[in-house]
Amino acid sequence: MLRFVVRRLLQLIPILLGVSILLFAFVRALPGGPAIALLGERATEESVERIETELGLDQPIYVQYGRYVRNLVQGDLGTSTRSRQPVLEELKQKFPATVELAFAAMLFAIILGIPLGFLAAKRYLGFLDNASLFVSLIGISFPVFFLALLLKYVFAIKLGWLPTVGRVDVTRSIEHPTNFYLLDAVLTRDWEGVVDVLKHLVLPAIALGTIPLAIVARITRAAVLDVLNEDYVRTARAKGLDPSVVDRRHVMRNAMLPVVTVIGLQTGLLLTGAVLTETVFAWPGMGSWMLEAIRFRDYAVIQGGILFFALLVSLTNLAVDVSYAYLNPKIRLSR
Amino acid sequence: MSEPLLSVTDLEVRFKSRRGTIHAVNGISFDLRAGETLGIVGESGCGKSVTSLAMLGILPRQAYPADGSVMFGGRDLLRLKDQEMREVRGKDIAMIFQDPMTSLNPILTIGRQLTESLRRHLKMDKETAREEAVSLLDRVGISDAGDRLRSYPHQFSGGMRQRVMIAMAISCRPKILIADEPTTALDVTIQAQILELLKRLVSEEQMALILITHDLGVVAGVCDRTNVMYAGGFVETGATESLFATPRHPYTAGLLDSVPRLDASGKQRLVPIPGTVKTLMEKPTSCAFAPRCMYAVDESRREVPPLREIAPGHHVACFNPVPESDLPQGAITEAR
């Protein structure tokens, strides 16, 4: 198992290198550039050239790329042209916000989606099954930003139960050793802070988690239906086991295999695709950061951010494969 | 004669389907005595597996609750509460299924699956159950039993898996073992080994065995009595020997005629039964076999023939049984 993980981690190197080349080219293929974005449409040619020289953009592209990789290897992702901050520092701020939101959303999807899918399968074609199909279809086809606005309008503005924007109340000061606010609040034993952070998480997590919830529920339902028809489930029932034991030990454990895959893929998507939700809830995460960077042609930030996304998605996939091997002895032992 | 151990009366099983109700089993009755081996033979789709699932109360969810009665130990199994029935299942009546490749849970160790019923029914603790599992594997002929407990099903061959299934089934010393096509999915050489194993265990444990199969050779070698099933009903029942020597129902005779035989001359061709089994969308009102039968008479097409005793212990459901003079030349006269 350890060898497998190490091998997969080494495989990451060429993957990330490939992504970085594509990125480098694509980013520079965008019309405009950082100089024009900074100086505006009516900037003089001389000032644009001066800034491009300053940023090294007048060099041939392979020279630029060579320098970028050399810095990358030393852990330097470059400097944002807009904020003049090192990209790595900004990343350390933004990325925990996104991870916190994505995990909360996924937790919401898993905790509700798996039981819902299971019950739907057990009541195959019954009321609950049809109801869950209906709800899932709505969940999948409802635009995320619209759901986010709706949630915000009803629960934050009309009812006033939950905060409208941000990760934590602006008047509250909590310490940030990790920038994972929930973790920070727990670490510093700031229990009121924990509650505050959780309150801020609820609406964005529901908005972001609804599509994964629907998908997880549908996949769980299909997987459970499949497994319920398996001969070994009949064997388990023929042994006289209690239905709850049959469901837990024989049905659910087998049905989890495809569900885990979907959870992994969805987590990857959430980590990289929360732009709309982050915008509606003014969530200071990677999504809104990337959007800004693209608007300002902030090459270093776009490259650093997307490279990091690629890393995240690869690691999520690795986690899925590892858990798959854990769940399925056939994979574990035939390696 | 002693009281029967199990007494099935007018068992009926129907399924819901999109095209209407399917009548899978239409009022079959039979007794099983302690230590007896009974064969139930028929083509696929005739209702023999459904019969066994109904007795255990594990019909698939598309089935209506079974009608009739299944008396066992003074109780009607069909009327028991779920919880009471679970005490019977696996403990008093255990079952082996057709396909050992799919009948074991692929993600649990053999040990876990073997000890499951021991712990459930005999309330053994983990360690005792493990020791018992080792001796069970030993008894079904799996060596290195201690190590094998930690293995997963995919590390076993088909024959080995069926041995594990058998070990699981006999683990709580059931009074009745139901084996549903236990050798169909296995190689011929393995088939013989598994049948031998079943025969030995049944006599050692004095279990009653219901062997469900489409293979007449299997029945001939193992069963005291044989019931031949067609379209959800028994068409001929009797001691295996007399049934094979003098099959009086045209269907039984046809089945025996369609078995390839080594001692037949090279030019002799197998005689297939024409036509196929029809799915019964309504309860039969005439002999279900009549459309495929060369012996059918007018009566066969008007009403359902009842089982009648035509020789001591030998029953036939036919208005025009095959005359003894007309017995098929291929009838197997001695049990293999």
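Quick note on labels: first sequence line is chain A, next is B, and so on, each numbered from 1.
Counting heavy atoms of neighbouring residues, nucleotides and ligands inside a 6.0 Å radius, atom CZ of B:Arg61 exceeds 12 of them.
Heavy-atom neighbours of chain B within the stretch residues 210-238 of chain A, taken at a separation under 4.5 angstrom, comprise A:Leu225, A:Leu228, A:Asn229, A:Asp231, A:Tyr232, A:Arg234, A:Thr235, A:Arg237, A:Ala238. The contact list for residues 129-139 of chain A toward chain B, using heavy atoms and a distance under 4.5 Å, is empty. Within residues 126-146 of chain B, no residue has a heavy atom under 4.5 Å from a heavy atom of chain A.
Cation-pi contact between B:Arg161 and B:Phe156: absent, since separation from the ring centre below 6.0 Å together with deviation from the ring axis within 45° is not met.
Considering only heavy-atom pairs separated by less than 4.5 Å from chain A, the leading option among B:Pro60, B:Pro106, B:Ala94 is B:Pro106. When the candidates B:Ile178, B:Leu108, B:Asp99 are compared by the number of heavy-atom contacts under 4.5 Å with chain A, B:Leu108 comes out ahead. Interface summary for chain A: among B:Ile93, B:Asp82, B:Leu56, B:Ile107, the most heavy-atom pairs under 4.5 angstrom belong to B:Ile107.
A:Phe95 has its ring centre less than 6.0 Å from the ring centre of A:Phe308.
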When the side chains of residues 261-271 of chain A are checked against the rest of the protein, which donor-acceptor pairs come out under 3.5 Å, sequence neighbours left out?
residue: A:Thr261; atom: OG1; partner: A:Leu257; partner atom: O; Å: 3.3
residue: A:Thr267; atom: OG1; partner: A:Ile263; partner atom: O; Å: 2.6

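B:His214 and B:Glu181 form a side-chain donor-acceptor contact under 3.5 Å, judged by distance and modelled atom types alone.
The aromatic rings of A:Phe146 and A:Phe142 sit tilted, their planes meeting at an angle between 30° and 60°.
Contact annotation for B:Leu59: only backbone heavy atoms (N, CA, C, O) come within less than 4.5 Å of a heavy atom of chain A.
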